[in-house]
Number of protein chains: 2
Amino acid sequence: MKSNRHHRLPLAASSHDDGVAVSPAHSEPSSASDGDSSTELMQVGDLARETGKTVRALHLYEELELVRPVARSKGHYRLYGADALLRIRWIGKLQDMGLSLTEIQTVVREWEELNSAPRAMVKMREVYRSKLEETRATLRRLRALEHDLHQSLAYLDTCEVCDPARLLNACTNCDMHGCGDHVPDLVAGFRAN
Amino acid sequence: MKSNRHHRLPLAASSHDDGVAVSPAHSEPSSASDGDSSTELMQVGDLARETGKTVRALHLYEELELVRPVARSKGHYRLYGADALLRIRWIGKLQDMGLSLTEIQTVVREWEELNSAPRAMVKMREVYRSKLEETRATLRRLRALEHDLHQSLAYLDTCEVCDPARLLNACTNCDMHGCGDHVPDLVAGFRAN
DNA sequence: CCTAACTCTCACGTAAAGGTACGGGTGCCT
DNA sequence: AGGCACCCGTACCTTTACGTGAGAGTTAGG
């Protein structure tokens, strides 16, 4: 009862900024045969651009065996197919769900081991189901937070019109506020010390 | 445009487990005067119990000047008043809002510096306002995630009734699913590699 | 051939938020 | 006086998800 596991709520701005104009600029390593547009491979930089991740991150994911280039160029350059995009974006989503890379690692491993599909599907469902629960809990918490913030802002807004002469340092608990009687926690916390 | 700031979405289970039965057990350091029940001081362990934080955490917060005991016992024990509870809980909420301890630090510092209240109030409002925005953005993202998860689960549920003989490894993109045509990202990601 | 831009593989660095341990004092009860 | 639970200060350890070079090779274009 002592382990105070303290993982905080996941999520962030998680910049979904797509580089958009993906100028192929120079390299276009279409494989030997001919310009078959659907089989173009990309190198790590391109993948990085299109997923918003950094090259370093992609290298890391590879170390953790979360992705694997379909091939290497003559000079050891990693070459990725289109599914890599899916994979990386998928990883991103799992991260947004609050999974750590190591957790994702085990998910992937499990999938690959019992590749017999049915069992894997079940596993997958389990994971998603529990994550859905968590996500909903998180949503509840965030909504509460939103409410708190909203309330505190309302409270503070009444401050704004307060006579500047009287709010000196009694401000956080002056009697002006018509909005009720108890100071919101988020406001009270400032003074408490 | 290269700094890929990667803070993920905040929030977590953030265990709001109150120890509830706060057995005073042994020490009850009511200050010199007499047993005035409203002026009881508590020591760090008690504070820890009541806030769900660990003693170490509280020490840390003190190092960062986020809290300060009202007094010390004869033998250097930290002694806290009731406002410490407010303060610590407040810190917790700010953390839940996604603020790092260092950010909280600057918030506190600013508050204490321009203690002239009006300006501080304005600052406070700014912070909360922007955090409200962020929180709402996060909510949107989470809702999307919830939707994704829900969809994927629906998709996977149709799998369950699928003929076990045919889902071997073509499972993630078999033709059984009446629920549309494109495989949800969260499902497709498993295979892409 | 030359060059710019990209990539390779190490390998060490970093910030956040504590965890954990050490060696020694305190507080209170009996 | 003994004991037990708690506290002190100091200080090094841990994990996560990359960042940041270094030194060297590779690709495509001109």
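Throughout, a chain's letter reflects where its sequence line sits, starting with A, and its residues are numbered from 1.
- Close to C:dA17, at under 4.0 Å from its OP1 or OP2, lies no side-chain N or O of B:Tyr61.
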Please tabulate, one pair per line, each protein N/O and nucleotide N/O from nucleotides 22-25 of chain C that are separated by under 3.5 Å, including the distance.
residue, atom, partner, partner atom, Å
C:dG25, N2, B:Tyr77, OH, 2.5

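- Rounded to a whole Å, the CD atom of A:Gln105 is 14 Å from the C1' atom of D:dT15.
- Comment: A:Glu126 does not engage A:Arg129 in a salt bridge, judged by the lack of any side-chain N to carboxylate O separation of less than 4.0 angstrom.
- Rounded to a whole Å, the CG atom of B:Leu60 is 15 Å from the P atom of C:dT20.
- Here the straight-line distance linking atom OG1 of B:Thr106 with atom CG of B:Leu99 works out to 8.5 Å at 0.5 Å rounding.
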Can you list, pair by pair, the side-chain donor-acceptor contacts under 3.5 Å of residues 55-68 of chain B, counting residues two or more places apart and other chains?
residue, atom, partner, partner atom, Å
B:Tyr61, OH, B:Lys53, NZ, 3.4
B:Glu62, OE1, B:Arg78, NE, 2.7

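- At whole-Å resolution of the value, CD1 in B:Ile88 and P in C:dA17 are 14 Å apart.
- Remark: B:Glu133 pairs with no residue by the side chain to side chain donor-acceptor pair (under 3.5 Å) rule, at least two apart or across chains.
- Here D:dA5 presents its C1' atom at 10 Å from CZ of B:Arg49, a figure rounded to the nearest Å.
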**Message:** If you apply the rule salt bridge (charged side-chain N to carboxylate O under 4.0 Å, His left out), what do you find for A:Glu112 with A:Arg109, and how did you get there?
**Reply:** CA-CA 5 Å; A:Glu112 295 192 337; A:Arg109 258 205 271 280; over 6 Å; no

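- In the region residues 63-74 of chain A, proximity to DNA chain C at under 4.0 angstrom, judged on heavy atoms, holds for A:Arg72.
- A donor-acceptor pair is defined here as one N or O able to donate and one able to accept, closer than 3.5 Å; such a pair exists between the side chain of B:Tyr128 and the backbone of A:Leu186.
- Using modelled atom types, one side-chain atom of B:Arg87 and one backbone atom of A:Phe190 make a donor-acceptor pair closer than 3.5 Å.
- Within the structure, every side-chain polar atom (N or O) of A:Arg78 is placed at least 4.0 Å from both OP1 and OP2 of D:dT26.
- At a threshold of 4.5 Å between non-hydrogen side-chain atoms, the residues B:Val183 and B:Tyr155 count as touching.
- Between the NE2 atom of A:His59 and the C1' atom of D:dT20 there is a distance of 13 Å, given to the nearest Å.
- A:Leu79 has its side chain within reach of A:Ser73: a pair of non-hydrogen atoms, C-beta onward, lies under 4.5 Å apart.
- Applying the 4.0 Å criterion to OP1 and OP2 of C:dG18, one finds that B:Gln95 has a side-chain N or O inside that range.
- You'll find the side chain of A:Arg141 stays beyond 4.5 Å of the side chain of A:Thr138, heavy atoms only.
- In this structure, CE of B:Met42 is placed 16 Å from C1' of D:dC6, rounded to the nearest angstrom.
- A:Leu58 has its CG atom 10 Å from the P atom of C:dT7, to the nearest Å.
- Every side chain to side chain donor-acceptor pair (under 3.5 Å) that A:Thr102 has, sequence neighbours left out, goes to A:Ser100.
- DNA chain C is contacted by both B:Val55 and A:Val44; A:Val44 maps to the nucleotide lying nearer its 5′ end (nearest heavy atom per residue).
- Rounded to whole Å, the distance from CG on A:Leu79 to P on C:dC6 is 16 Å.
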Each nucleotide N or O in nucleotides 13-16 of chain C that has a protein N or O under 3.5 Å away: list the pair and distance.
residue, atom, partner, partner atom, Å
C:dA16, OP1, B:Thr102, OG1, 3.2

Side-chain polar contacts of residues 142-149 of chain B - donor-acceptor pairs under 3.5 angstrom, sequence neighbours left out - could you list them?
residue, atom, partner, partner atom, Å
B:Glu146, OE2, A:Arg136, NE, 2.8
B:Asp148, OD2, A:Lys93, NZ, 2.5

